[in-house]
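Comments concern the structure below.
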Number of protein chains: 2
Amino acid sequence: MNPVQFYKCLSDETRLRCLMLIQHEQELCVCELTEALQEVQPKISRHLGQLRQCELLLDRRQGQWIYYRINPDLPEWAKQVLGDTLAGNPDFLAQNLKCLQRMGDRPTRMQACC
Amino acid sequence: MNPVQFYKCLSDETRLRCLMLIQHEQELCVCELTEALQEVQPKISRHLGQLRQCELLLDRRQGQWIYYRINPDLPEWAKQVLGDTLAGNPDFLAQNLKCLQRMGDRPTRMQACC
DNA sequence: ACAGTATATATGGATAATCGTATATGTAAA
DNA sequence: TTTACATATACGATTATCCATATATACTGT
């Protein structure tokens, strides 16, 4: 993981909020992020695609929904950076989390059973 | 310190190398960074100016030279990010440190005496 | 005061990033 | 197989970022 590329991913407001929200909630689907950020779907989707292509995020499909999560194989320093950023900026997501909690009809997760 | 602005600062190769070199060496002047990165002086100076304006770096003049250092008043999470990045990417600066060590006539620091 | 060195800024042009809109793909349920 | 919903991609336009070059500023030593 090239650190410059890594930080380019974090340097956009939409992407950073998505990453922090996912870090906070473990896993979120596109429609939840769209609601939390109050943005149009293609914008969210485009940024998520970029984060997936850079291997910061992994996705899985469950029915109609696609859930994104932090790639657990990120190098340790990168995971620490994400963790430090979330912990050090408690207000950053406040509004987004409020929108998320207000959201009705959130898709119900099924644990991938094994 | 707005995290998006912070990461915008880290998302350029020249700026990230300058920051990491300064973090590694405590303090460096413009001509040392110019040599370490093998770049032209206005390019280095422009990026340092940006980092100073965003308050990631502080500068002090000593004679003809201007030394840059990490702003000690950065929020803890930001300092941790810089530290994690340096520690987690030992090869990132290898070539730059080699150039720095090869540099002749490095300006001699005077400790600000008190 | 003048010459030399270090650093900063200004300017115009090139490149890259981002966006809004329209549309395509994929899944589910009737 | 048709409709509805979730997500992804394509396209053109706008904006932001970065660069090279030229030049300005500031300090040092003569």
Side-chain angles (χ1 to χ4, degrees), chain A residues 2 4-19 21-22 27-54 56-69 100 103-110, chain B residues 2 4-19 21-22 27-54 56-69 100 103-110:
Chain A
N2 169 358
V4 176
Q5 191 195 17
F6 177 71
Y7 287 124
K8 271 193 215 293
C9 288
L10 307 205
S11 68
D12 174 88
E13 175 129 23
T14 303
R15 287 195 296 272
L16 188 58
R17 287 191 190 276
C18 285
L19 278 168
L21 280 167
I22 291 169
E27 203 175 47
L28 287 171
C29 71
V30 181
C31 64
E32 289 171 320
L33 288 163
T34 300
E35 184 68 22
L37 299 200
Q38 298 281 292
E39 296 274 5
V40 296
Q41 175 270 325
K43 178 168 174 180
I44 299 294
S45 193
R46 187 153 18 92
H47 285 294
L48 289 173
Q50 205 173 327
L51 292 171
R52 184 190 44 199
Q53 198 168 359
C54 293
L56 270 73
L57 294 181
L58 298 183
D59 63 340
R60 72 177 175 100
R61 176 182 283 276
Q62 177 187 304
Q64 310 168 267
W65 298 280
I66 296 193
Y67 289 97
Y68 283 90
R69 63 187 186 282
L100 186 58
M103 178 181 181
D105 279 332
R106 285 177 65 182
T108 54
R109 280 144 188 78
M110 266 171 216
Chain B
N2 169 357
V4 176
Q5 190 195 19
F6 177 73
Y7 286 124
K8 272 193 213 292
C9 287
L10 307 205
S11 70
D12 173 88
E13 175 130 24
T14 303
R15 287 196 296 270
L16 188 58
R17 287 190 189 279
C18 285
L19 279 169
L21 280 166
I22 291 169
E27 203 176 46
L28 287 170
C29 71
V30 180
C31 64
E32 290 171 320
L33 288 163
T34 301
E35 184 68 22
L37 298 201
Q38 299 280 291
E39 296 275 4
V40 296
Q41 176 269 325
K43 178 168 173 179
I44 300 293
S45 195
R46 183 159 21 93
H47 285 296
L48 289 174
Q50 206 174 327
L51 292 171
R52 185 191 43 200
Q53 198 168 357
C54 294
L56 270 72
L57 294 181
L58 297 182
D59 62 341
R60 71 177 175 101
R61 176 181 283 279
Q62 178 187 304
Q64 311 169 265
W65 298 281
I66 296 192
Y67 289 96
Y68 284 89
R69 64 187 185 282
L100 186 59
M103 177 181 182
D105 280 332
R106 284 178 65 180
T108 54
R109 280 146 188 79
M110 264 170 217

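In what follows, chains carry the letters A, B, and so on, assigned in the order in which the sequence lines appear, proteins first and then strands, with residues in each chain numbered from 1. Side-chain atoms are counted along with the backbone in the values below, which use heavy atoms only and exclude waters and symmetry mates.
By the side chain to side chain contact (heavy atoms under 4.5 Å, CB included) test, Q64(A) pairs with no residue at all, sequence neighbours left out. Legend: residues meeting salt bridge (charged side-chain N to carboxylate O under 4.0 Å, His left out) with R61(B), ordered by chain and number and at least two apart, are absent. For Y68(B), there are no ring pair (Phe, Tyr, Trp, His ring centres under 6.0 Å) partners two or more places apart in sequence or in a different chain. Contacts of E13(B) classified as side chain to side chain donor-acceptor pair (under 3.5 Å), with partners at least two apart in sequence or in another chain: R17(B). For the side chain to side chain contact (heavy atoms under 4.5 Å, CB included) test, residues two or more places apart in sequence or in another chain that qualify with R46(B) are K43(B). Considering only residues two or more places apart in sequence or on other chains, Q50(A) meets the side chain to side chain donor-acceptor pair (under 3.5 Å) condition with R15(A). Legend: residues meeting side chain to side chain contact (heavy atoms under 4.5 Å, CB included) with Q38(B), ordered by chain and number and at least two apart, are E35(B), C99(B). For N2(B), there are no side chain to side chain donor-acceptor pair (under 3.5 Å) partners, not counting sequence neighbours.
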Using nucleotides 9-19 of chain C, report all nitrogen or oxygen pairs with the protein that are shorter than 3.5 Å.
residue : atom : partner : partner atom : Å
dT18(C) : OP1  : D12(A)  : OD1          : 3.4
dT18(C) : OP1  : R15(A)  : NH2          : 3.3
dT18(C) : OP2  : R15(A)  : NH1          : 3.1
dT18(C) : OP2  : R15(A)  : NH2          : 3.4
dC19(C) : OP1  : K43(A)  : NZ           : 2.8
dC19(C) : OP2  : H47(A)  : NE2          : 2.6

For nucleotides 24-30 of chain C, give me one character per nucleotide, 5' to 3': B if any protein heavy atom sits under 4.0 Å from the base, S if the only such contacts are to the sugar-phosphate, - if neither. --SSS--
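Bounding nucleotides for the chain B contact on DNA chain D, 5' to 3', at a heavy-atom distance below 4.0 Å, are dT17(D) to dT28(D).
The overall bend of the helix from dA1(C)-dT30(D) to dA30(C)-dT1(D), read as the angle between its terminal helix axes built from five base pairs each, is 30° when rounded to 10 degrees.
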